[in-house]
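Only a predicted model underlies this, so the values are computations on that prediction, with no experimental measurement involved. Residue numbers start from 1 in every chain, and the chains themselves are labelled A, B, ... in the order their sequence lines are given, proteins ahead of strands. Side chains are part of it too, since the values below use all heavy atoms of this structure and drop only hydrogens, waters and symmetry mates.
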Protein chains: 2
Amino acid sequence: MATIYDVARQAQVSPATVSRVLNGRASVDPVLAARVQQAVQDLNYRPNVVARNLRLSQTSLWAVIISDIGNPFFTSMVRGVEDVAQGSGFSVVLCNSDEDPEKEARYVAAALAQRMAGVVISTSGRPNVINRLIEARIPVVAIDRQLRGVSVDTVLVDNVHGAELATTHLLDQGYRRIACITGPRRISTAAQRLRGYQRALKSRGHQPTDNLIRFADFREEGGYRAMASLLDETEPPDAVFATNNLMTVGAVECLVDRGVKVPAKVGVVGFDDIPWAHLVRPSLTTVSQPTYDLGRAAAVLLGERIANPAKPTSMVTLHTDLHIRESSTRPA
Amino acid sequence: MATIYDVARQAQVSPATVSRVLNGRASVDPVLAARVQQAVQDLNYRPNVVARNLRLSQTSLWAVIISDIGNPFFTSMVRGVEDVAQGSGFSVVLCNSDEDPEKEARYVAAALAQRMAGVVISTSGRPNVINRLIEARIPVVAIDRQLRGVSVDTVLVDNVHGAELATTHLLDQGYRRIACITGPRRISTAAQRLRGYQRALKSRGHQPTDNLIRFADFREEGGYRAMASLLDETEPPDAVFATNNLMTVGAVECLVDRGVKVPAKVGVVGFDDIPWAHLVRPSLTTVSQPTYDLGRAAAVLLGERIANPAKPTSMVTLHTDLHIRESSTRPA
DNA sequence: GGGCCACGTCGTATATGGTCGCCATCCGCC
DNA sequence: GGCGGATGGCGACCATATACGACGTGGCCC
């Protein structure tokens, strides 16, 4: 590949002038500029981003660290991030941590080593990993999940409120023994959605009981097992609120396998949509989140922080909506 | 961030020795090595990958250029690529071209400028974009879709055979007017799956007719519109083979909206699975592809080419399977 | 009209952070 | 004492951006 020196020689100017022409930093004689442009064309020259990055000690890469690339929630979010990044001249490196703190730590180390321009992270838990980034002054935005103990830009949805909506809706439909399948305790969304569920029950005079609560893993299999275990209770639930999309799918699957009629026998509400929800029978009632916008908002925040590192950290909360479908509408 | 010079000073050795300790290239006095390791720890030093890349004129990034990040087919594929990449010390930059050749060209230019170590591409069409990469001697692997006119490593599934399986199955079920909704002509998978469909019809003595063929866009809306247009034919089809997952979903949606019973009135077979196919009613008969393995195979090929650029190009073809479910099993 | 100053434009040199070739040195062994 | 192997350090190099210096020209003022 041609270098800036090759272009300079071809255009009979100095490398500095070529650089000036390409970056438009300083004024250059139009005649020389034209010669440079021509030489760039002739040699099919592309500036070496690596060298530029080294010189400027900044890169044009963002790392997006998510916990499950198989979950459509995250792919939609990534797309939101990516569209904004692309618009501001950044590329997105996708990092799939699989909820494994060790894998996450590896990716953070890579982001550090690559001197990435910024990181969007939906953390699998431990905040000490993130501190590495903060110490190195790499801009970070937490998305979907909150980081404890560190002050970083954050984009969330109103998890507590969404969970309240879901639970209240089940109560309104006449369900009384409402279970909750939530995610790992250490993850803020799992905790907040559980809190919303409990709050809704209490505010209607019901006492949440621990044997109707399950802590699963935010995956399909976990939802399946949790549902099975709930059905095996001596007093099984007549409804279930699952705090993410994949666990909802798993729970419904379990109900189908056991021949439990939804919504007649057991009502189901999930948190976050799944694609083709309208084709699933029974169609699923969900608390839907603006996943794409979540990604966009995080990307905008990251861009702003890169432009102005001294900016005070902010938290953006997006709204959720209850989409009522078949799985929770009890026949009269 | 600490540099290699800081570490050298702290450990009272030369930068070269630090480099040797970290890369294990040459033998170093254990005492000095220990001092270096200690200094690395103390300073929380991370080698600057940018500088290393510049010096070695090679990077540790792979670009994966796909046409639709919203399609679970591609996310699963990306995951396959990513798992292998991670294992060989590469990171994956995800590039979503949205079937837009211009966006694709931009990503290729970025890969070139970043001097990426390799590119996995599921191209949206024009091969001249790829030639840029080949000229720059950047290793390329074509995945899912073939590149015309250039000799590159390629990973495909047996599209023609899969389509034959699907079409023959519909014939076996007694469907006679079988339509085909395929993708853009310029994309090899669309063409090959159409060819398989036509071949299957012919081998059973049926003549494929153009008014039962639609060229859509591989998306849900396109599938919907194509199905609608097929139903509006004077002699509408009694079955449809859709050549990707999203168009299948769109077609079924259209049938549901119009109250056309599946599979009684119209049978449906799709190419490639969708997640939660088992929850969709009617459950969808599909030609399933090993999406994750497709990604893995491409990544392995890319790794091999990077290790040995002179290696002759190879083509890997993975097998498809027909998964018969409800949408194509005609009641007797 | 001439001289001086200022500004615009260009080239040279250096910095970025690593890696590695080459050479010098040191130590051990024969 | 000499030779050889192992190890450390110096310096070049990767491609780019930019500070700084130099040069030339134009305008203004005397």
Side-chain angles (χ1 to χ4, degrees), chain A residues 1-37 39-40 43-61 89 109-110 112-117 136-138, chain B residues 1-37 39-40 43-61 89 110-117 136-138:
Chain A
M1 291 265 283
T3 74
I4 204 171
Y5 293 101
D6 300 327
V7 176
R9 201 176 320 122
Q10 175 98 356
Q12 298 178 345
V13 295
S14 76
T17 302
V18 177
S19 174
R20 278 188 279 254
V21 170
L22 295 178
N23 298 306
R25 278 279 199 259
S27 51
V28 175
D29 185 332
V31 176
L32 292 193
R35 283 223 305 269
V36 169
Q37 296 287 10
V40 165
L43 299 172
N44 189 28
Y45 168 75
R46 311 241 159 241
N48 187 326
V49 173
V50 179
R52 159 182 286 155
N53 288 345
L54 175 61
R55 177 63 233 259
L56 299 178
S57 51
Q58 63 177 27
T59 65
S60 54
L61 291 176
L112 229 43
Q114 301 263 5
R115 305 299 196 267
M116 298 223 181
R137 301 185 188 289
I138 292 184
Chain B
M1 290 266 283
T3 74
I4 203 170
Y5 298 100
D6 300 326
V7 175
R9 201 177 319 122
Q10 174 98 354
Q12 299 178 341
V13 296
S14 75
T17 303
V18 177
S19 174
R20 274 191 281 254
V21 171
L22 296 177
N23 298 305
R25 276 277 198 261
S27 50
V28 174
D29 185 331
V31 176
L32 293 191
R35 282 223 305 268
V36 169
Q37 296 287 9
V40 166
L43 299 172
N44 190 25
Y45 168 74
R46 312 245 158 235
N48 186 326
V49 173
V50 178
R52 160 185 286 155
N53 289 345
L54 175 60
R55 176 63 237 251
L56 300 179
S57 49
Q58 62 179 27
T59 64
S60 55
L61 290 177
L112 229 42
Q114 300 263 7
R115 307 298 198 267
M116 297 227 182
R137 301 186 189 289
I138 292 183

### Query
dT16(C) C1' sits how many Å from Leu54(B) CG, rounded?
9 Å

### Message
Let me spell it out: for each of Ala51(B) and Val13(B), pick the nucleotide of DNA chain D with the closest heavy atom. Which residue's pick is nearer the 5' end?
### Response
Val13(B)

### Summary
Rounded to the nearest 0.5 Å, the OG atom of Ser19(B) sits from the CZ atom of Arg55(B) at a distance of 10.0 Å

### Task
Measure from CE on Met1(B) to C1' on dT16(C) and round the result to the nearest Å.
14 Å

### Task
Run the numbers on Ser60(B) and Gln114(A) for side-chain contact (heavy atoms from CB on, under 4.5 Å), then give the verdict.
CA-CA 9 Å; Ser60(B) 55; Gln114(A) 301 263 5; 3.2 Å; yes

### Summary
Overall bend of the helix from dG1(C)-dC30(D) to dC30(C)-dG1(D) (five pairs an end, 10° steps) is 50°

### Task
Just do the side-chain contact (heavy atoms from CB on, under 4.5 Å) check on Thr3(B) and Asn48(B) with the steps written out, would you?
CA-CA 8 Å; Thr3(B) 74; Asn48(B) 186 326; over 6 Å; no

### Query
Of all the choices, dG8(D), dG18(C), dC10(C), which nucleotide is nearest to the side chain of Thr17(A) once you look at every atom?
dC10(C)

#### Entry: Nearest-nucleotide pick for Leu56(A), side chain only, options being dT16(D), dT18(D), dG9(D)
dT18(D)

### Query
Between atom CZ in Arg46(B) and atom P in dG18(C), what is the gap in whole Å?
13 Å

### Summary
Which of Val50(B), Leu56(B), Val49(B) passes side-chain contact (heavy atoms from CB on, under 4.5 Å) with Asn53(B)? Answer is Val49(B)

### Message
side-chain contact (heavy atoms from CB on, under 4.5 Å) for Leu43(B) and Gln10(B)? Distances and angles first, verdict last.
### Response
CA-CA 9 Å; Leu43(B) 299 172; Gln10(B) 174 98 354; 4.0 Å; yes

### Task
Let me know which of Val7(A), Leu32(A), Val21(A), Val18(A) forms a side-chain contact (heavy atoms from CB on, under 4.5 Å) with Gln37(A).
Val21(A)

### Message
I need the CG-C1' distance between Asn23(B) and dG18(C), as an integer number of Å.
### Response
9 Å

### Task
Select base, sugar-phosphate, or nothing to describe what Val50(A) touches, counting heavy atoms under 4.0 Å on all strands.
nothing

### Message
Treating Arg35(A) as the side-chain partner and Gln12(A) as the backbone partner, does any N or O pair qualify as donor plus acceptor under 3.5 Å?
### Response
yes

### Query
Between dC14(D) atom C1' and Tyr5(A) atom OH, what is the distance in whole Å?
10 Å

### Message
Categorize Asn53(A) for me: base, sugar-phosphate, or nothing, with a 4.0 angstrom heavy-atom threshold over every strand shown.
### Response
nothing

### Task
Round to a whole Å and report the spacing from CD1 of Ile4(A) to P of dC14(D).
14 Å

#### Entry: Whole-Å gap separating C1' (dT16(D)) and CG (Asp6(A))
13 Å

### Query
Any idea which of dC14(D), dG9(D), dG11(C) is nearest the Ser14(A) side chain?
dG11(C)

### Task
With rounding to the nearest 0.5 Å, note down the distance linking CZ in Arg115(A) to OG1 in Thr59(A).
10.0 Å

#### Entry: Residue-level proximity of residues 29-37 of chain A to DNA chain C when a heavy atom falls under 4.0 Å
Asp29(A), Leu32(A)

### Task
Could you tell me which non-hydrogen atom of Tyr45(A) sits nearest to which non-hydrogen atom of Leu22(A), and how far apart they are?
CE2-CD1, 3.5 Å

#### Entry: Distance test, side-chain N/O of Arg52(B) to OP1/OP2 of dT19(C), below 4.0 Å
yes

### Query
Quick one: which of dG18(C), dG11(C), dT16(D) gets closest to the side chain of Thr3(B)?
dG18(C)

### Nucleotide dC13(D), atom P - distance to CD of Gln58(B) in whole Å
20 Å

### Query
Base, sugar-phosphate, or nothing: which does Val18(B) touch, judged by heavy atoms less than 4.0 Å apart?
nothing

### Message
Which nucleotide wins on minimum distance to the side chain of Ala16(B), given the candidates dA19(D), dG18(C), dC20(C)?
### Response
dC20(C)

### Message
So, under a plain 3.5 Å distance rule, would you say the side chain of Arg115(A) forms a donor-acceptor pair with the base of dG17(C)?
### Response
no

#### Entry: Residue pair Ala136(A) / Met1(B): nearest heavy atoms and the distance that separates them
CB-SD, 3.7 Å

